[in-house]
Number of protein chains: 2
Amino acid sequence: MQKRVSLKDIAKKAGVSIATVSYVLSKQKNSGVSEEVSDKIRKIAKELNYRPNQIAKSLQSGKSHTIGLIVADISNPFFAQIARIVEDEAKKNGYTVIFGSSDEKASKSGDLIKFLLNRQVDGFIIAPSEASENQLQQLKEQKVPFVLIDRYFPEIETNFVAIDNQKAAFEAVSRLKANGKERIGMIAYDTKLHHMKERVKGYRDALTSEKYQDQLLQEVEFSKIKEDVPKAIDKLLSGEYPVDAIFFATNTLGVTGLKYFNEQNINVPDDIAVIVFDESEAFDFFYCPLTFVQQPLSDLAKKAVNVLAEQINKPTDKVSKIYLNTKLVIKKSCS
Amino acid sequence: MQKRVSLKDIAKKAGVSIATVSYVLSKQKNSGVSEEVSDKIRKIAKELNYRPNQIAKSLQSGKSHTIGLIVADISNPFFAQIARIVEDEAKKNGYTVIFGSSDEKASKSGDLIKFLLNRQVDGFIIAPSEASENQLQQLKEQKVPFVLIDRYFPEIETNFVAIDNQKAAFEAVSRLKANGKERIGMIAYDTKLHHMKERVKGYRDALTSEKYQDQLLQEVEFSKIKEDVPKAIDKLLSGEYPVDAIFFATNTLGVTGLKYFNEQNINVPDDIAVIVFDESEAFDFFYCPLTFVQQPLSDLAKKAVNVLAEQINKPTDKVSKIYLNTKLVIKKSCS
DNA sequence: GTTTAAAATTTAAACGTTTAAATCTATATA
DNA sequence: TATATAGATTTAAACGTTTAAATTTTAAAC
């Protein structure tokens, strides 16, 4: 990599001090320097194709103008979409984004946080993984600005941008009931993460019959949904009282479940009604249009960036807890 | 953000010079410093939870250990998957990834490159957009290490990791012919990008009848595929000799096309046979299993990182032009 | 008890910026 | 003409590291 031109080079060529060059090039308004000199400096800077060294600026200012985005998996369309919006919104605010995938593992997210902190990121947007409370607590102690997205821990006072998972789930399941479904199963992740627990809560709230509830909720592990979802479905469909509807707690679970339905020639909605939390491009091709809970991804991500930017610029102890509205998009699959 | 602890703080506490601390903490082997002192320093460093300031290191070393990844759109699963693998492979090599989306616009990619160069990235992995040759040429002149991925410009000598698009397309279309298809249309992007031209070339090579070829190839614009793909399909299916097969040049085009088929109740493969370049989760739900050209995404991304890392560590003028193999995954849609 | 060499530690400069403070240069004022 | 004042420019320190070179300390050799 060729040596880049610095203020020093310009100063030498212009026959002035580095400081003068800096004043000319870094101040918008002509602060002090004479027209003559500043014109000359700007001309030379252009000639030499000067590009300020952000690293040096960062060292000097203590700000890197970089934010760290930590999600479960950047290749998951849900997070990829968030990433894209974060990218655009961050750029508008003058920030660069460094991302990292935690694979839902606290150890990975911990490493990631340390790594990015070394890189002097100014703040974080995090979709936290299970058992990462202590990491967030530490960030708080070190007064590192951060905003949670998609998930949050109710017992920790932090900024977050999320949805009302319980309400959204309640609405969805209520819809199934309204459509006459009597035994509604749910497939969720086996995690303590609050957003998932809320979805389960909303589901439970909507159920009136208390019976069999334990068997109706199937929880699968993040790392082995390929095996666990089919098993869960089998369980829900077997026995004396097979379910007549399934509520999938995420798009990934939904996709996996629907694939299994296809393999087994289980028809939606004739054999079973379905509602999925979140959407997926894949659903567009499912033979039966799917009812799903739509999250305001774009607003979620934008808000997160804005809250973070504010927090970086004027840190306060007041936290922003933002809930955005979801929408239940009703199609044939739940009837 | 709380002030972080620096070498200075440790030095003060330990009663030694900053240099000594640096020697202890930055050298793996005990270079010179006595056991006693170095133990003490390490202990204090741990106590204070010292984390080296990468920014300062970067300024000093001229290396940021950061690479810039520029793709068309991070929210496109094709690129999101690449991003994920790049992330993992980069981490293995000690690099952080900053990403940016160009939206297939040269202007955006140009801005992005400048922006990231200011951030002192050590190198780039780029899926270049149309008319961005001059940007790459400039990078070459400035001796900035970079590797192209997915696309490349044959007239510019650069590192790249790609596939043989012509061959892959040829194979795909040949398959359609072998299955008795006689009028095979293609829907491609209207771009000068070489990879797309190669796909078209491969398609043309496979066609034997020379007639009507101009009408058989439909090119649509990146920015308005939603409108253009349906139009293109209408054209291909109307007239005296409607096509009996369509070859989609990318997964995005395929997804859009198949949606339109559904709207119009056009059946695959009865009404029309289909092959798509690239895969998509969505295809799993299409009623008819789709034949597609499978790219070795993971290897592509890994290779790109490795070539780049090598280029950064020992720059040479020799370029690596790497082609990886594709696989035609044959399903019912092309019969 | 010197001398000398080796080992341990420190000094100082550098990376490319910013910016307060100091200095220098005009010009206006008396 | 001397002086104050504003304007223009430079000096120097700082951000947190690294590292060559200089210095100091320790220990060995005589």
Side-chain angles (χ1 to χ4, degrees), chain A residues 1-42 44-45 48-66 94 117-122, chain B residues 1-42 44-45 48-66 94 117-122:
Chain A
M1 183 124 60
Q2 206 175 274
K3 205 184 144 291
R4 311 218 17 226
V5 348
S6 69
L7 291 184
K8 204 177 181 178
D9 301 314
I10 299 177
K12 204 184 300 170
K13 193 146 185 180
V16 298
S17 73
I18 293 175
T20 308
V21 179
S22 173
Y23 281 125
V24 172
L25 264 27
S26 64
K27 292 297 190 312
Q28 48 287 61
K29 12 109 135 269
N30 254 29
S31 62
V33 186
S34 70
E35 277 286 308
E36 197 197 337
V37 174
S38 60
D39 283 354
K40 185 173 168 191
I41 287 173
R42 266 189 279 267
I44 295 178
L48 299 183
N49 189 28
Y50 170 72
R51 303 256 146 233
N53 182 328
Q54 272 298 332
I55 295 271
K57 282 194 185 188
S58 295
L59 180 58
Q60 148 73 28
S61 67
K63 299 252 146 275
S64 64
H65 289 282
T66 298
L117 235 28
N118 289 358
R119 244 76 178 175
Q120 309 297 120
V121 295
D122 291 339
Chain B
M1 185 125 57
Q2 207 173 272
K3 206 185 144 293
R4 312 221 12 229
V5 348
S6 68
L7 292 184
K8 203 175 178 179
D9 302 315
I10 299 177
K12 203 183 301 171
K13 193 146 186 179
V16 298
S17 73
I18 293 174
T20 306
V21 180
S22 173
Y23 281 125
V24 172
L25 263 26
S26 64
K27 293 293 188 313
Q28 50 287 63
K29 11 108 135 272
N30 254 28
S31 61
V33 186
S34 68
E35 278 287 309
E36 194 198 340
V37 173
S38 59
D39 283 354
K40 183 173 169 192
I41 287 173
R42 267 191 278 268
I44 295 178
L48 299 182
N49 188 29
Y50 170 74
R51 303 254 146 234
N53 182 328
Q54 270 299 331
I55 294 272
K57 282 195 183 186
S58 294
L59 180 59
Q60 148 73 29
S61 68
K63 300 253 145 275
S64 63
H65 289 281
T66 298
L117 234 28
N118 289 357
R119 243 80 175 172
Q120 309 298 116
V121 296
D122 291 340

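Proteins get letters first, then strands, A, B, ... in listed order; numbering begins at 1 in each. Both backbone and side-chain heavy atoms feed into the values below; hydrogens, waters and symmetry mates do not.
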Original post:
Does B:Val16 or A:Lys8 map to a spot on DNA chain C nearer the 5' end, using the closest nucleotide for each?
Top reply: B:Val16

Original post:
For DNA chain C, whose closest nucleotide is more 5', that of B:Ile18 or that of A:Asn53?
Top reply: B:Ile18

Original post:
Which of these, B:Leu48, B:Val5, B:Ile41, sits in a side-chain contact (heavy atoms from CB on, under 4.5 Å) with B:Lys13?
Top reply: B:Leu48

**OP:** Check whether more than 12 heavy atoms from other residues, nucleotides or ligands sit under 6.0 Å from atom CD of B:Glu36, and answer yes or no.
**Re:** no

Original post:
For DNA chain C, which nucleotides open and close the run of contacts to chain B, 5' to 3', at under 4.0 angstrom from a non-hydrogen atom?
Top reply: C:dA8 to C:dG16

To the nearest 0.5 angstrom, please state how far the [atom1] atom of [X] sits from the [atom2] atom of [Y].
X        : Y        : atom1 : atom2 : result
A:Asn118 : B:Arg4   : CG    : CZ    : 6.0 Å
B:Gln120 : A:Met1   : CD    : CE    : 7.5 Å
A:Lys63  : A:Asp122 : NZ    : CG    : 5.0 Å

**OP:** Can you tell me the distance, in whole Å, between the CD atom of B:Glu35 and the C1' atom of D:dT26?
**Re:** 17 Å

Subject >> Angle by which the axis turns from one end of the helix from C:dG1-D:dC30 to C:dA30-D:dT1 to the other, five pairs per end, to 10 degrees >> reply: 70°

**OP:** State, with a plain yes or no, whether a side-chain heavy atom of B:Val21 is found less than 4.5 Å away from one of B:Ile44.
**Re:** no

Original post:
Going by heavy atoms in the side chains, are A:Arg119 and B:Thr66 under 4.5 Å from each other?
Top reply: yes

Original post:
What is the nucleic acid contact for A:Ser6, judged by heavy atoms within less than 4.0 Å: base, sugar-phosphate only, or nothing?
Top reply: sugar-phosphate

Original post:
Hey, is the main chain of B:Ile18 close enough, under 3.5 Å, to the side chain of B:Ser22 for a donor-acceptor pair?
Top reply: no

